[in-house]
Amino acid sequence: MMTIGMTNLAIAGMLRNMAAAYEILGENRFRTIAYERAADSIEHLTSEVKDLWEDDKLSVIPGVGPAIRSHLDELFRTGHVRHIEATLKRVPEAVFPLLLVPGLGPKKAYKLVKALDMRTEKRAVSDLETAAKAHAIAPLEGFGEKSEQDILSAIAIYRKGQIKENRMGLPQADAIARDIIAFLQKGAPVREITVLGSLRRQVATIGDIDIAVATGRPADVISRFLSYPHQKMIEKGPTGASLLLHNGRQADLRVQDPRAYGAMLQYFTGSKNHNIALRTWALGKGLSLSEYGIKQVKTGKTTAYATEEAFYRALGLPWIPPELREDRGELEAAIRQAQGKPDGLPDLVGLSDIKGDLHIHSDYDLEPSHDLGRDSLAVLLDRAVEQGYRYIGLSDHNPSVTNHTPEDITAIMKRRKAFYEKAHAAWQRKHTKAVGIFILCEVDILTDGTLALPESAFTYVDGVIASIHSSFTQPEGAMTKRVVRGLTAHPKVRIFGHPTGRLLPDREGIALDWKEMFRVCKARGIALEINAHPARLDLPDTIVFDARRQGLKFIIDSDAHEATAMDVMRYGVSVARRGWAGTHDVLNSMEYNDLAAWLTPSRI
DNA sequence: GCCGTTTTCGGCCCGACTGTTTTCAGTCG
């Protein structure tokens with residue numbers, strides 16, 4: 001038996017294959033759709049399915065019910081799912097790789113495999129290519145000259161690895177979207193233009209770039225879009241077009257009359273699961289929703305809405321912020337709010353609520369084991385003024401423990417404190433705007449759970465961010481003990497830095513017992529960091545969501561190693577919002593004095 | 001197979017585009 005991978009992508013692929021097999025086998029259509037929905041959800045999850053399974057929370061995944069839950073349970077316990085493996089065996093194995101070729105779905109793939117007598121999974125794509133080149137496809141029923149050519153170019157795209165699986169980070173997606181928007185605004189009659197899809201929802205990783213345009217002259221906008229530099233035109237029509245760009249990314253454009261732009265925004269922002277939930281709910285009220293507006297099912301009359309607010313209002317709902325649109329309970333909360341009941345939509349934290357950044361590395365050389373920052377305190381303070389901050393925290397890595405004795409380290413930390421205080425005073429004398437500093441330190445939690453800062457050195461810091469920077473693969477039990485030991489080693493440990501240690505897109509997070517982590521952090525008043533670095537976005541939004549419900553507090557930090565990197569704060573704010581966090585949940589929305597009071601533990 | 005403000009049974013979002021068809025099936029988002 002083959003072993004199925006345990007990553008979200010592998011699991012989604014398994015469920016998608018299952019859906020394809022059911023479709024080929026003529027199974028109930030809705031059962032097929034159910035597997036597809038579950039695959040979609042899992043592919044777009046921002047936390048690992050395996051972590052959810054460990055916490056017995058698979059049911060929070062939209063579209064995962066008792067049957068798929070038990071399949072996943074079997075997968076994680078044994079490495080196999082007997083029912084799924086048996087079902088997949090009933091379909092020729094060559095079908096499955098063909099599904100990854102754009103434009104081929106279960107029906108076509110199966111037809112080709114049968115007609116061309118393709119035997120092996122391994123050679124399926126190259127067999128198909130050979131057949132297409134030999135003009136063996138065009139004569140087949142349901143195919144033709146054009147589809148033969150399309151298959152060849154789709155295989156070329158497939159070969160370049162330019163299919164869905166590699167999602168990009170937010171900054172790259174932002175940059176591509178900005179470029180396309182500027183291009184369209186320059187040469188087309190654009191009334192309004194908006195980035196939609198997962199980028200508008202600020203998901204940690206982005207698949208396609210989705211852009212909507214309000215215009216009275218759709219044809220002109222579409223033709224301008226089609227002249228944007230691209231590798232391949234995927235499709236075009238009167239309402240939009242899709243391009244494969246040279247960087248391998250797909251960009252989708254939709255155009256709409258300004259009078260119906262609100263419905264378009266709503267539709268194209270997604271998520272798919274949010275839209276399905278909303279449409280299903282609306283249907284119960286006799287309303288059918290589409291990108292054109294809201295249709296009374298009885299009369300067949302469609303009403304257009306110019307804004308998204310008006311669209312939601314027409315449904316009797318408050319506007320739902322895009323970051324919440326993941327079918328994670330936001331519709332139910334909106335309904336409760338509309339009925340005047342408690343537990344409505346959260347009042348989300350915004351970038352302008354952030355009063356400071358507590359995780360910044362300066363260029364002060366304290367001989368650390370990890371990297372120094374590149375900019376001086378003065379440069380960082382200047383930047384803080386530009387960001388509108390009231391304070392920053394200097395959180396350099398602790399001095400290397402292998403190269404220094406505890407006495408050395410204490411001496412270094414003492415010198416550092418004196419240096420910062422003096423440099424800060426000098427900077428402040430020259431500036432009217434007051435920006436306070438906190439002298440912190442990012443301290444390693446070593447493999448055995450001890451902190452890489454000797455007791456005597458704590459005198460010279462206002463507080464500590466404790467983080468994991470080594471031995472990421474310890475099993476959950478050992479890792480949990482290690483972190484708990486580190487966090488509770490000294491009362492000045494106030495923040496748990498980038499708690500999962502994940503790096504997007506490759507490094508999975510460490511294995512932790514989150515229930516225990518939440519309990520310990522809450523008991524000691526330790527804040528969880530939301531590290532805003534785009535490759536981290538750590539905590540993941542799903543854990544923010546859970547932690548907030550347990551009453552935990554967060555601090556959003558840039559982890560900047562240079563002044564310009566401080567502006568990634570907005571990505572961290574997005575994570576907080578996606579986790580339903582409000583201003584009261586985020587401690588660096590407090591003013592300097594309040595934060596200073598929080599930082600100072602009463603029990604020293 | 002999933003799911004719950006007309007339901008724990010009986011429904012299941014909505015529309016666009018493409019190619020191969022004479023009215024539609026397959027794929028996609």
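Naming: A, B, ... by sequence-line order, numbering from 1 per chain.
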- request: Round to the nearest Å and state the distance from A/E235 atom CD to B/dG26 atom P.
  value: 18 Å
query: Nearest to the side chain of A/K236, which nucleotide is it out of B/dT18, B/dA16, B/dG29?
result: B/dT18
- request: Could you state the atom-to-atom distance from CG of A/D208 to P of B/dA16 in whole Å?
  value: 19 Å
field: Span that lies between the C1' atom of B/dT20 and that of B/dG26, in whole angstrom
entry: 11 Å
message: Does a side-chain N or O of A/S242 approach OP1 or OP2 of B/dG29 to a distance below 4.0 Å, or not?
response: no
message: Please determine whether a side-chain nitrogen or oxygen atom of A/K146 lies at a distance below 4.0 Å from atom OP1 or OP2 of B/dG19.
response: yes
task: Among the candidates B/dG29, B/dG1, B/dC17, find the nucleotide nearest to the side-chain atoms of A/A34.
output: B/dG1
field: Under 3.5 Å side-chain donor-acceptor pair for A/Q172 and A/D174
entry: no
- prompt: Would one find a side-chain N or O of A/R279 under 4.0 angstrom from OP1 or OP2 of B/dC13?
  reply: no
task: Look at all strands and tell whether A/T32 reaches a base, only sugar-phosphate, or nothing, counting heavy atoms closer than 4.0 Å.
output: nothing
message: Students often get this wrong, so: under 4.0 angstrom with heavy atoms, is A/L278 touching a base, only sugar-phosphate, or nothing?
response: nothing
message: Side chains of A/R69 and A/S59: any donor to acceptor distance under 3.5 Å?
response: yes
task: Give none if B/dG26 has no partner; otherwise give the nucleotide forming a Watson-Crick or G-U wobble pair with it, both distances under 3.5 Å.
output: B/dC17
message: We want to know whether A/N273 and A/R37 form a side-chain donor-acceptor pair, criterion being a heavy-atom distance below 3.5 angstrom.
response: yes
field: Distance test, side-chain N/O of A/Y292 to OP1/OP2 of B/dA16, below 4.0 Å
entry: yes
field: Of A/Q202, A/E323, A/R201, the residue whose pairing with A/S574 passes side chain to side chain donor-acceptor pair (under 3.5 Å)
entry: A/Q202
- prompt: Whole Å only: how far is the CD atom of A/Q266 from the C1' atom of B/dC14?
  reply: 12 Å
- prompt: Rounding to the closest angstrom, what is the interatomic distance between B/dA16 and B/dT21 at atom P?
  reply: 24 Å
query: Any N or O donor-acceptor pair linking the side chain of A/K108 to the base of B/dT20 at under 3.5 Å?
result: no
- prompt: Reckon A/Q339 touches a base, only the sugar-phosphate, or nothing at all at heavy-atom distances under 4.0 Å?
  reply: base
- request: Could you give the distance separating B/dG1 and B/dT6 at their P atoms, to the nearest angstrom?
  value: 27 Å
- request: Would you check, one step at a time, whether the test ring-ring contact (aromatic ring centres under 6.0 Å, His included) holds for A/H246 with A/H230?
  value: CA-CA 5 Å; A/H246 290 300; A/H230 62 273; 7.3 Å; no
- line: A/L283 has its side chain closest, among B/dG19, B/dC14, B/dA16, to B/dC14
- prompt: Within the structure shown, what part of the strands sits under 4.0 Å from A/G270 by heavy-atom distance: base, sugar-phosphate, or nothing?
  reply: nothing
query: Just checking A/D210: base, sugar-phosphate only, or nothing, at a heavy-atom cut-off of under 4.0 Å?
result: nothing
message: A/H274 and side chain to side chain donor-acceptor pair (under 3.5 Å): which single residue from A/R279, A/E330, A/E326 fits?
response: A/E330
- prompt: When you check the phosphate oxygens OP1 and OP2 of B/dC13, does a side-chain N or O of A/S290 lie under 4.0 Å from one of them?
  reply: no
- prompt: Choosing from B/dG1, B/dG29, B/dG19, which nucleotide comes nearest the side chain of A/D252?
  reply: B/dG29
- prompt: With a non-hydrogen cut-off below 4.0 angstrom, is A/Y267 in contact with a base, only sugar-phosphate, or nothing?
  reply: base
task: Quick one: pull up CG in A/N8 and CD in A/E43 and give me the separation to the nearest 0.5 Å.
output: 9.5 Å
- prompt: Taking for each residue the nucleotide of DNA chain B with the nearest heavy atom, is it A/L99 or A/A67 whose nucleotide lies nearer the 5' end?
  reply: A/A67
- line: To the nearest angstrom, the CD-C1' distance between A/E27 and B/dC2 comes to 14 Å
C1' gap between B/dC13 and B/dC28, integer Å: 14 Å
- request: Nearest whole angstrom, please: distance from the C1' of B/dT27 to the CD of A/E23.
  value: 10 Å
query: Which whole-number value in Å describes the distance from A/I276 CD1 to B/dG11 P?
result: 19 Å
task: Rounded to the nearest angstrom, tell me the gap between atom NE2 in A/H274 and atom P in B/dG29.
output: 20 Å
- request: Mind calculating the distance between CG (A/L287) and P (B/dC13) to the nearest angstrom?
  value: 15 Å
